[in-house]
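These numbers come from a predicted model, not from an experiment.
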Amino acid sequence: MRLALFQPAIPQNVGACIRLSACFGVSLHIIEPTGFTFDDRAMKRAALDYGPLSHMTRHAGWDAFQEARGPGRLVLFTTKGATPLTDFAFRPDDTLLFGSEPSGAPDDVHAAADARVVIPIRPEARSLNLAVSAGIGLFEALRQTGLRRGGR
């Protein structure tokens with residue numbers, strides 16, 4: 001199981017995802033460009049001292065990520081026409097991909113996804129925060145595949 005963020009723009013969300021990946025023992029992939037620099041104080045504050053526990057890889061762009069991704073399905077979390085999280089069956093080698101905060105994922109990323117999943121929320125609500133969505137999605141994927149500690 002892997003967690004991937006497509007061109008994240010908010011450093012606090014990446015910091016929270018660093019903590020998330022460290023706590024659940026999954027690798028985190030950042031697909032650049034980002035909307036901040038990695039020495040951003042806000043990200044460091046959000047990640048606290050979890051950085052050494054996390055396995056994070058930065059990719060220069062979408063193509064570089066796709067080349068390095070490895071086996072397994074690419075599961076895109078999106079608000080656009082997707083299978084509800086409650087109806088989706090995850091596999092241990094899935095990569096869970098979350099789009100950029102302001103704009104989501106572009107059409108070519110949607111087209112490359114093996115599956116698209118939506119976290120059901122109230123119809124009048126627009127969307128969840130990136131880090132919150134990643135936490136919900138990752139936990140459900142790990143729950144379905146036999147939640148384990150420390151594995152990558």
Interatomic distance, [X] atom [atom1] to [Y] atom [atom2] [nearest 0.5 angstrom]:
| X | Y | atom1 | atom2 | result |
| --- | --- | --- | --- | --- |
| Thr57 | Arg69 | OG1 | CZ | 14.0 Å |
| Lys80 | Asp107 | NZ | CG | 6.5 Å |
| Leu20 | Ile136 | CG | CD1 | 11.0 Å |

Cluster overlap [X] with [Y], hydrophobic side-chain contacts below 4.5 Å:
| X | Y | answer |
| --- | --- | --- |
| Leu97 | Leu3 | no |
| Leu5 | Trp62 | no |
| Leu138 | Ile30 | yes |
| Val75 | Val132 | yes |
| Leu76 | Leu142 | no |

Of all the heavy-atom pairs spanning [X] and [Y], show the shortest one and how long it is.
| X | Y | result |
| --- | --- | --- |
| Ala131 | Cys17 | CA-SG, 4.1 Å |
| Ser133 | Ile119 | O-CD1, 3.6 Å |
| Phe90 | Gln144 | N-OE1, 2.8 Å |
| Ser21 | Ile18 | OG-O, 3.0 Å |
| Phe36 | Ala9 | CD2-O, 3.7 Å |
| Glu140 | Leu85 | CG-CD1, 3.9 Å |

**OP:** Start with the C-alpha distance between Asp94 and Met1, add both sets of side-chain angles, then the distance that settles side chain to side chain contact (heavy atoms under 4.5 Å, CB included), and finish with yes or no.
**Re:** CA-CA 5 Å; Asp94 284 342; Met1 190 73 54; 4.2 Å; yes
**OP:** Check for a donor-acceptor pair, side chain of Ser100 on one end and backbone N or O of Gln7 on the other, with a separation under 3.5 Å.
**Re:** yes
Subject >> Positive for side chain to side chain contact (heavy atoms under 4.5 Å, CB included) with Leu28, one of Arg19, Met56, Arg2 >> reply: Met56
Original post:
Is the shortest heavy-atom distance from the side chain of Thr79 to the side chain of Arg126 under 4.5 Å?
Top reply: no
**OP:** Any chance you could lay out the side chain to side chain contact (heavy atoms under 4.5 Å, CB included) test for Phe65 and Val109, step after step, and finish with the verdict?
**Re:** CA-CA 11 Å; Phe65 167 73; Val109 173; over 6 Å; no
Original post:
Which is it for Ile10 and Leu130 under the side chain to side chain contact (heavy atoms under 4.5 Å, CB included) test, yes or no, and what are the steps along the way?
Top reply: CA-CA 9 Å; Ile10 301 173; Leu130 171 66; over 6 Å; no
**OP:** Quick one: sort the Phe24 and Phe139 rings into parallel, tilted or perpendicular, breaks at 30° and 60°.
**Re:** perpendicular
Subject >> Phe77 and Phe98 aromatic ring geometry - parallel, tilted or perpendicular at 30°/60° bounds >> reply: parallel
**OP:** Before giving the answer on side chain to side chain contact (heavy atoms under 4.5 Å, CB included), spell out for Val14 and Thr34 the whole-Å C-alpha distance, their side-chain angles and the decisive distance to 0.1 Å.
**Re:** CA-CA 10 Å; Val14 173; Thr34 62; 5.8 Å; no
**OP:** Would you indicate whether Arg91, at its atom CZ, is surrounded by more than 12 heavy atoms from other residues, nucleotides or ligands within a distance under 6.0 Å?
**Re:** no
**OP:** Look at atom CG of Asp108 and say whether more than 12 heavy atoms of other residues, nucleotides or ligands are closer to it than 6.0 Å.
**Re:** yes
**OP:** May I have all residue pairs that pass ring pair (Phe, Tyr, Trp, His ring centres under 6.0 Å) and include part of residues 99-137, sequence neighbours excluded?
**Re:** none
**OP:** Just jot down the ring pair (Phe, Tyr, Trp, His ring centres under 6.0 Å) partners of His29, sequence neighbours excluded, or say none.
**Re:** His59
